[in-house]
Amino acid sequence: MPPEPVVSETRTAVRRLLESAEAAPFKGAPLVVACSGGADSLALAAAVAHVSRRTGASAQAIVVDHGLQMGSDVVAERAVEQLAGLGLPAQVVEVEVDGMGGLEAAARKARYAALRAERPSGSLVLLGHTLDDQAETVLLGLGRGSGPRSIAGMRPLDPPWARPFLNVRRTSTEAACRAQGLEPWQDPHNADPRFARVRLRTEVLPLLEDALQGGVAEALARTARQLREDSDALEAVAAAELSRVGADHGLDCERLRLAPAAVRRRVLRDWLRSEGVPEMTDAHLRSADALIAEWRGQGGPALPGDFVLRRAHGRLRVETADRKPPNG
């Protein structure tokens, strides 16, 4: 008897990602499913188990216990039981969440660190992010003014992370679980309005769907895909430009000034990162760009990590904050 359409949809999504050219370097390595016990990750685990049986690939699962709720260990044990029923061996990894930067961000950081540390070398970690998660990510990036990288959302393949379900709706993962007799855990945090993502999911997106007569989540996901393609093209141009204007740990200001602003700022961002400057805001990049595009003899901006950007003799250089060579 053929599987229900939603089950076929999840299996096809996993198979297509694993058969893509981008995933070719990981062929033959074990597959790791990150499973919370929720509908998305359980449906993913079931699909991976099916595909791995068909292809002979090795697959396993990791259940991260954040310890944020009473009984989280019981939830983790129940997830392991259901994974075993699917034929996936699983381990539980307990993490400590310090809450710095917000509970949601801290939990994500701890989870990703644990998954990266516990995965077999060279393997992909498959995550259950859906099209709905992608739409929420795009809206969050848009609301925060985080720039095209953020609005471009999550990548299907961003090694070691793989997200086969970015074209699959959350309703499909829930239906796939029902069709396969799986019992997902309902995380109470997913209904807690203290979290911005929850309010987007329960208030903003439904309002947009109503006002724009449907299709908003799919449209946001398409926008993310288009922006990723555009961004990838610009990144390639910026990489070539950086090799052209780089000179002795600095940048040739006059040559870089001729580049379009979108390319120029990408060159600056990549160069500053290579010089050890930590994550920068759009304001940092625009201040840095002013030393090239709007040069009037002004001093350079202070940058994260106690660095200062300075222009001297037609070159940009990164200095520690206590060094003050003359501008020129």
Side-chain angles (χ1 to χ4, degrees), residues 3-18 31-52 59-66 68-69 72 75-76 78-83 85-86 88 90 92-93 104 107-108 111-112 114-115 119 124-140 153-158 160-192 195-198 200-202 205 217-218 220-221 224:
E4 293 196 21
V6 286
V7 175
S8 294
E9 181 185 6
T10 59
R11 293 174 177 176
T12 299
V14 169
R15 178 175 52 78
R16 284 179 176 169
L17 184 140
L18 295 178
L31 300 174
V32 178
V33 180
C35 186
S36 67
D40 299 339
S41 60
L42 273 182
L44 176 61
V48 170
H50 173 82
V51 171
S52 65
Q60 62 190 75
I62 296 175
V63 180
V64 178
D65 180 4
H66 300 85
L68 295 175
Q69 301 162 6
S72 64
V75 172
R78 176 57 181 152
V80 169
E81 290 174 5
Q82 295 197 78
L83 291 165
L86 294 169
L88 286 182
V92 176
V93 178
E104 190 176 22
R108 181 171 57 251
R111 177 170 64 253
Y112 275 53
L115 291 169
R119 73 184 179 101
L124 287 175
V125 179
L126 284 77
L127 308 171
H129 295 123
T130 65
L131 183 147
D132 300 84
D133 294 308
Q134 185 75 299
E136 293 160 13
T137 299
V138 173
L139 280 179
L140 281 170
M154 298 174 282
R155 291 180 177 274
L157 190 60
D158 184 19
W161 319 116
R163 302 177 177 90
F165 283 178
L166 289 183
N167 290 320
V168 177
R169 295 300 303 263
R170 188 173 292 132
T171 51
S172 293
T173 64
E174 293 168 348
C177 285
R178 289 194 296 271
Q180 297 172 97
L182 299 170
E183 299 177 359
W185 171 58
Q186 303 295 332
D187 185 351
H189 282 168
N190 288 337
D192 190 336
F195 300 111
R197 189 177 286 271
V198 171
L200 283 177
R201 181 180 307 150
T202 60
L205 274 167
E218 291 86 352
L220 288 168

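The CZ atom of R178 lies 9.0 Å from the OG1 atom of T173; values are rounded to the nearest 0.5 Å. Taking CZ of R169 as the start and CD of Q134 as the end, the distance is 12.5 Å to the nearest 0.5 Å. With rounding to the nearest 0.5 angstrom, the CZ atom of R119 is 10.0 Å from the CG atom of L115. Note that CG of L182 and CD of E174 are 13.0 Å apart. Values are rounded to the nearest 0.5 Å. For the atom pair H66 NE2 and R111 CZ, the distance stands at 4.0 Å (nearest 0.5 Å). Distance check, rounded to the nearest 0.5 Å: CG of N167 to CD of E9 gives 9.0 Å.
Counting only heavy atoms from C-beta outward, the side chains of L44 and T10 never approach each other to under 4.5 Å. For the pair L140/L200, a side-chain contact is recorded, criterion being any heavy-atom separation below 4.5 Å from C-beta on. In this structure the side chain of Q60 never reaches within 4.5 angstrom of the side chain of V33, judged on heavy atoms. Side chains of L42 and C35 form a contact here, defined as non-hydrogen atoms less than 4.5 Å apart. With a 4.5 Å cut-off on side-chain heavy atoms, L220 and L131 do not count as touching. You'll find the side chain of V7 stays beyond 4.5 Å of the side chain of H50, heavy atoms only. Two residues are said to be in side-chain contact when any heavy atoms from C-beta on lie closer than 4.5 Å; L124 and L157 meet this criterion. Inter-residue side-chain proximity for L83 and V63 is flagged as met; some heavy-atom pair is nearer than 4.5 Å.
Checking side-chain atoms of T12 against main-chain N and O of S8 turns up a donor-acceptor pair under 3.5 Å. A donor-acceptor contact shorter than 3.5 Å links the side chain of Q180 to the backbone of A176.
Q186 CD: 12 or fewer foreign heavy atoms inside a 6.0 Å radius.
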Requested in this report: Please step through side chain to side chain contact (heavy atoms under 4.5 Å, CB included) for the pair D187 and Q69, ending with a clear verdict.
Outcome: CA-CA 10 Å; D187 185 351; Q69 301 162 6; 3.1 Å; yes
Report task. Would you check, one step at a time, whether the test side chain to side chain contact (heavy atoms under 4.5 Å, CB included) holds for L31 with L18? Result -> CA-CA 10 Å; L31 300 174; L18 295 178; 3.7 Å; yes
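At a threshold of 4.0 Å, the pair R201-D132 does not count as salt-bridged, since none of the basic side-chain nitrogens sits closer than that to a carboxylate oxygen.
Qualifying side-chain hydrogen bond (donor to acceptor under 3.5 Å, both in side chains) partners for R170, counting only residues two or more places apart in sequence or in other chains: D133, E136. Scanning for side-chain hydrogen bond (donor to acceptor under 3.5 Å, both in side chains) contacts around E183 gives R78, with sequence neighbours left out.
Between C177 and A43, the closest heavy-atom pair is SG-N, 3.8 Å. Residues S41 and S36 share a closest heavy-atom pair of OG-N, 3.0 Å. Heavy atoms only, all atoms of each residue included: G37 and A79 are closest at CA-CB, 4.0 Å. Across all their heavy atoms, F195 and H189 have their closest contact at CD1-O, 3.6 Å. The two residues V168 and T130 have their closest heavy-atom pair at O-CB, 3.2 Å. The two residues L17 and P156 make their nearest non-hydrogen contact at CD1-O, 3.5 Å.
The aromatic ring centroids of F165 and H129 lie 6.0 Å or more from each other.
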